[in-house]
Amino acid sequence: MAKSAGLATDTNALDGFRRLLRENAALHDRHRADILTSDDPESVHQARVALRRMRALVRGFRDMLSRDAQKQLARILKARGQQLGPLRDADVQAEALGTDDARADAARLRGELRDQLRDTQELSLRIEVERVLHDRIRAIRGDARRRLADAPLPVIASRALQVAWTELLAFGPDLDRLDPEELHDFRKRSKDMRYLSEFFGRLFDKDAAPMQKRMSRMQDALGVVNDLVTMRAKGADLPKGATRSEERARAKAAKAWRKLRGAPVWWTDIP
């Protein structure tokens, strides 16, 4: 029987959703705790990645959840992300610029975040998520949502992947025609698609790896663009060759997207 992240194809959608949220919440909590004792920027980065993966799950499974459950989960994840965002941006800028001022700014924000984390009375993210989902009646509500929750996981995973893919296709074939805000939105939606494919790729018989690899390369390129746009918006003195690096990254992302648009889908053959 095919499995993905330890999930069997006959796992129902709600159980699979809860398990994946729980696992990523635990990852977030672990990396968040590391921030208190480590100056490694990767702790902040990985804590944010875990949140982004959880947000992709909530978006992908939103038709299964009551509006109240969606709003609660979205609010919790957004608040956690906002705590980490300024330090992550400062860490990226410090690495890119390598100046004493940039490093000092990151160190200051790291100290402020540590003070905030030590003083907070927040529950662990895993407990907060469980509090939203433990009451099935309130979290689901209604026959249509109940059917989705009780369906085998590949059914709603296929639905989530198709919606995410359609949202990407709606941006059009040419990334060069997107303004910076649209490109940023495209990058966020492409992350949803990538994370959902990583969660559920092995639930289906067709190989998801080729699309995942191209998606990863495209996102790496878009990440370079996003970092430079963010630094420029903050008035930072960009490193030498930044404009050329941005042009190359945009071209690489555009090429990857053109190839991705023609890639065969792999999530429609439900076991």
Undergrad: Without swapping roles, check the side chain of S43 against the backbone of H31 for a donor-acceptor pair under 3.5 Å.
TA: no

Undergrad: Working note: Y195 + L57, criterion side chain to side chain contact (heavy atoms under 4.5 Å, CB included); need CA distance, chi angles, decisive distance, verdict.
TA: CA-CA 8 Å; Y195 294 144; L57 275 170; over 6 Å; no

Undergrad: Does D105 pair with R108 as a salt bridge, N-O distance under 4.0 Å?
TA: yes

Undergrad: By the definition salt bridge (charged side-chain N to carboxylate O under 4.0 Å, His left out), identify the one residue from R53, R59, R62 that meets it with D192.
TA: R59

Undergrad: Does L117 offer a backbone N or O that forms a donor-acceptor pair with the side chain of T120 under 3.5 Å?
TA: no

Undergrad: Determine, step by step, whether V265 and L161 satisfy the side chain to side chain contact (heavy atoms under 4.5 Å, CB included) criterion, reporting the C-alpha distance in whole Å, the side-chain angles of both residues, the deciding distance to 0.1 Å, and the verdict.
TA: CA-CA 10 Å; V265 299; L161 285 157; over 6 Å; no

Undergrad: Should E247 and R250 count as an ion pair when the cut-off is N to O under 4.0 Å?
TA: no

Undergrad: Ignoring hydrogens, what is the shortest heavy-atom contact between A13 and L148? Give both atom names and the distance.
TA: CB-O, 3.2 Å

Undergrad: Going through the checks in order, is the side chain to side chain contact (heavy atoms under 4.5 Å, CB included) test met by F61 and L73?
TA: CA-CA 12 Å; F61 282 57; L73 291 171; over 6 Å; no

Undergrad: Strictly distance-based, threshold 3.5 Å: is any side-chain N or O of R103 a donor or acceptor partner for the main-chain N or O of G98?
TA: yes

Undergrad: Hey, is the main chain of D15 close enough, under 3.5 Å, to the side chain of N12 for a donor-acceptor pair?
TA: yes

Undergrad: Any donor-acceptor pair under 3.5 Å linking the side chain of R88 with the backbone of L84?
TA: no

Undergrad: Crowded around R248 CZ? As in, over 12 foreign heavy atoms under 6.0 Å?
TA: yes

Undergrad: Please confirm whether the backbone N or O of L203 pairs with a side-chain atom of W267, one donor and one acceptor, at under 3.5 Å?
TA: no

Undergrad: Are the side chain of S158 and the backbone N or O of P154 linked by a donor-acceptor pair below 3.5 Å?
TA: no

Undergrad: Could you tell me whether a side-chain N or O of E23 sits under 3.5 Å from a main-chain N or O of L20, the two making a donor and an acceptor?
TA: no

Undergrad: List the atom of S190, the atom of L168, and the distance in Å for their closest heavy-atom pair.
TA: N-CD2, 3.6 Å

Undergrad: Stepwise, does the side chain to side chain donor-acceptor pair (under 3.5 Å) test hold for D89 with Q93?
TA: CA-CA 6 Å; D89 289 344; Q93 187 164 317; over 6 Å; no

Undergrad: Are any side-chain N or O atoms of S216 and backbone N or O atoms of K213, one a donor and one an acceptor, separated by less than 3.5 Å?
TA: no

Undergrad: Please report the C-alpha distance between I156 and L153 in whole Å, then the side-chain angles of each, then the deciding distance to 0.1 Å, and finally whether the side chain to side chain contact (heavy atoms under 4.5 Å, CB included) criterion is met.
TA: CA-CA 6 Å; I156 193 168; L153 183 58; 4.3 Å; yes

Undergrad: Parallel, tilted or perpendicular: which fits the ring planes of F171 and F186, with parallel below 30° and perpendicular above 60°?
TA: perpendicular

Undergrad: Quick one: which of R80, R22, R75 gives a salt bridge (charged side-chain N to carboxylate O under 4.0 Å, His left out) with E128?
TA: R80

Undergrad: Output yes when D220 and K252 qualify as a salt bridge under the 4.0 Å nitrogen-oxygen rule, no when they do not.
TA: no

Undergrad: Search all heavy atoms of R114 against all heavy atoms of L36 and return the closest pair with its distance.
TA: NE-O, 3.6 Å

Undergrad: Does D29 use its side chain to pair, donor to acceptor, with the backbone of R126 at less than 3.5 Å?
TA: yes

Undergrad: Could you report the tightest heavy-atom contact between A157 and F204, atom names first, then the distance?
TA: CB-CZ, 4.3 Å

